[in-house]
Amino acid sequence: MSAVAKAFSDGGVITWRNLKNVQRNPDWLMAATLQPIMFVLLFAYVFGDAIGGEAGGLAYREFLIAGIFAQTVAFNSAFTVIGFANDLQKGIIDRFRSLPISRLAVIFGRTTSDLVISVVALVVMSLCGLLVGWRIRGSFLDAVLGYLVMLMFAWALSWVGAWIGLVARSVEVAQSAGLMWMFPLSFISTAFVPADKLPGVLKAIADWNPFTAVINSARDLFGNRFGVAPTGWPAEHASLYAILCCIAIIAIFAPLATAQYKKVASR
């Protein structure tokens with residue numbers, strides 16, 4: 001068996017092991033879905049009219065859901081962070097090191113299992129969106145592409161989470177480090193407000209923010225544009241820019257996470 005085939009085969013076993021852990025700890029899955037549902041209800045029914053103005057209500061709820069999708073899959077990368085930190089603290093990584101498995105399989109298995117959690121979270125959030133009035137107004141193929149962009153973004157961020165989890169020295173540090181950087185990136189974006197409502201510097205950051213690219217791509221593909229269409233290259237080529245951002249994130253953090261795993265596994 002080639003090294004790549006062995007990595008995929010061993011990674012599948014690790015993926016199954018991680019999913020069994022989720023089955024034994026269903027509170028992980030609840031955390032991945034309950035918080036986004038609260039955000040939907042809060043922004044749709046409490047802040048929606050204030051943010052959306054005269055075009056608020058149902059129009060704003062359709063605008064909101066793509067932002068909640070992106071925030072949900074991004075926050076799910078915290079499970080990758082905590083999962084690795086927990087395995088390190090409990091000595092599971094040392095056990096993996098003693099087994100004749102590919103070193104890449106451990107990271108690949110973790111990121112893949114968390115991608116499955118993101119799939120489940122997107123299904124739940126889609127049902128929640130339908131209940132509050134969100135609808136997909138694009139074609140079936142466009143909708144599939146919208147979800148695929150979201151899942152690519154989720155997988156890319158899980159590599160960031162893998163690196164942070166392997167660098168963190170404890171689960172407590174990992175919990176803080178895994179979420180700290182996401183809040184400014186997710187809120188300085190078009191997740192909850194259109195870009196034209198942000199002040200100068202924040203608007204410039206939001207325009208080039210990968211979160212905004214993924215969100216704008218999903219809104220275009222779902223047919224959920226709201227208010228004035230954003231301008232500029234990132235907004236006009238949202239899907240292309242979103243995919244390029246995901247590729248760049250993976251290209252940077254996959255080698256970093258792999259190198260850090262080899263480092264901690266050789267101690």
Side-chain angles (χ1 to χ4, degrees), residues 15 29 31-37 39-40 43-44 61-81 110-132 134-162 178-179 181-183 185-192 195 206 208-226 230 234-235 237-251 253-254:
T15 299
L29 198 56
T33 54
L34 289 181
Q35 179 177 294
I37 290 173
F39 270 107
V40 169
F43 278 89
R61 285 176 230 157
E62 291 202 353
F63 170 86
L64 173 68
I65 295 302
I68 297 294
F69 282 175
Q71 189 182 62
T72 298
V73 299
F75 278 34
N76 283 352
S77 67
F79 293 114
T80 311
V81 179
R110 170 61 64 182
T111 56
T112 304
S113 62
D114 292 336
L115 181 63
V116 174
I117 294 176
S118 291
V119 171
V120 175
L122 283 177
V123 171
V124 173
M125 294 314 303
S126 297
L127 295 174
C128 179
L130 292 173
L131 290 176
V132 301
W134 170 71
R135 297 293 183 270
I136 296 176
R137 305 194 182 279
S139 67
F140 174 78
L141 179 59
D142 285 344
V144 171
L145 290 175
Y147 280 112
L148 288 177
V149 170
M150 282 289 172
L151 291 175
M152 186 178 183
F153 186 56
W155 197 60
L157 291 185
S158 68
W159 285 98
V160 181
L179 293 173
W181 61 277
M182 286 188 217
F183 279 100
L185 284 177
S186 61
F187 280 97
I188 306 177
S189 70
T190 58
F192 303 107
W208 292 92
N209 187 344
F211 275 80
T212 295
V214 172
I215 293 164
N216 285 345
S217 173
R219 285 179 182 143
D220 286 342
L221 294 168
F222 293 152
N224 295 150
R225 278 297 186 187
F226 171 79
H237 304 84
S239 295
L240 173 61
Y241 183 51
I243 292 171
L244 290 176
C245 286
C246 292
I247 292 173
I249 292 170
I250 294 170
F253 285 95

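Every value quoted in this text rests on a predicted model; they were computed, and no experiment measured them.
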Minimum-distance pair of heavy atoms, taken over all atoms of [X] and [Y]:
X: V73; Y: A154; value: CB-CB, 3.6 Å
X: A235; Y: D220; value: O-OD2, 4.3 Å
X: R219; Y: A191; value: NH2-O, 3.2 Å
X: R137; Y: G223; value: CB-O, 3.7 Å
X: M182; Y: S77; value: CE-OG, 2.8 Å
X: I250; Y: W159; value: CG1-CD1, 4.3 Å

Under the side-chain hydrogen bond (donor to acceptor under 3.5 Å, both in side chains) rule, collect the residues that match up with [X], sequence neighbours excluded.
X: S189; result: none
X: S239; result: S217
X: S158; result: none

Is there a side-chain contact between [X] and [Y], using heavy atoms and a 4.5 Å cut-off?
X: F192; Y: L64; value: yes
X: V160; Y: W181; value: yes
X: I247; Y: M152; value: yes
X: N209; Y: L185; value: yes
X: T80; Y: L157; value: no

Ring geometry between Y241 and W208 (parallel below 30°, tilted from 30 to 60°, perpendicular above 60°): perpendicular
Looking at [atom1] of [X] and [atom2] of [Y], how far apart are the two atoms once the value is rounded to the nearest 0.5 Å?
X: L240; Y: C245; atom1: CG; atom2: SG; value: 9.5 Å
X: F39; Y: L34; atom1: CZ; atom2: CG; value: 12.5 Å
X: I215; Y: I68; atom1: CD1; atom2: CD1; value: 9.0 Å
X: I117; Y: T72; atom1: CD1; atom2: OG1; value: 13.0 Å

Using atom types as modelled and distance alone, determine if a side-chain donor or acceptor of [X] lies under 3.5 Å from a backbone N or O of [Y].
X: R135; Y: E62; answer: no
X: N224; Y: I136; answer: no
X: N76; Y: D114; answer: no
X: N216; Y: A238; answer: no

Test side-chain contact (heavy atoms from CB on, under 4.5 Å) applied to L151 and V119, step by step: CA-CA 7 Å; L151 291 175; V119 171; 3.7 Å; yes
Pair F75 and F183, ring centroids less than 6.0 Å apart: yes
Proximity of F153 and F211 rings by center, below 6.0 Å: yes
Worked check of side-chain contact (heavy atoms from CB on, under 4.5 Å) between F69 and Y147: CA-CA 9 Å; F69 282 175; Y147 280 112; 4.1 Å; yes
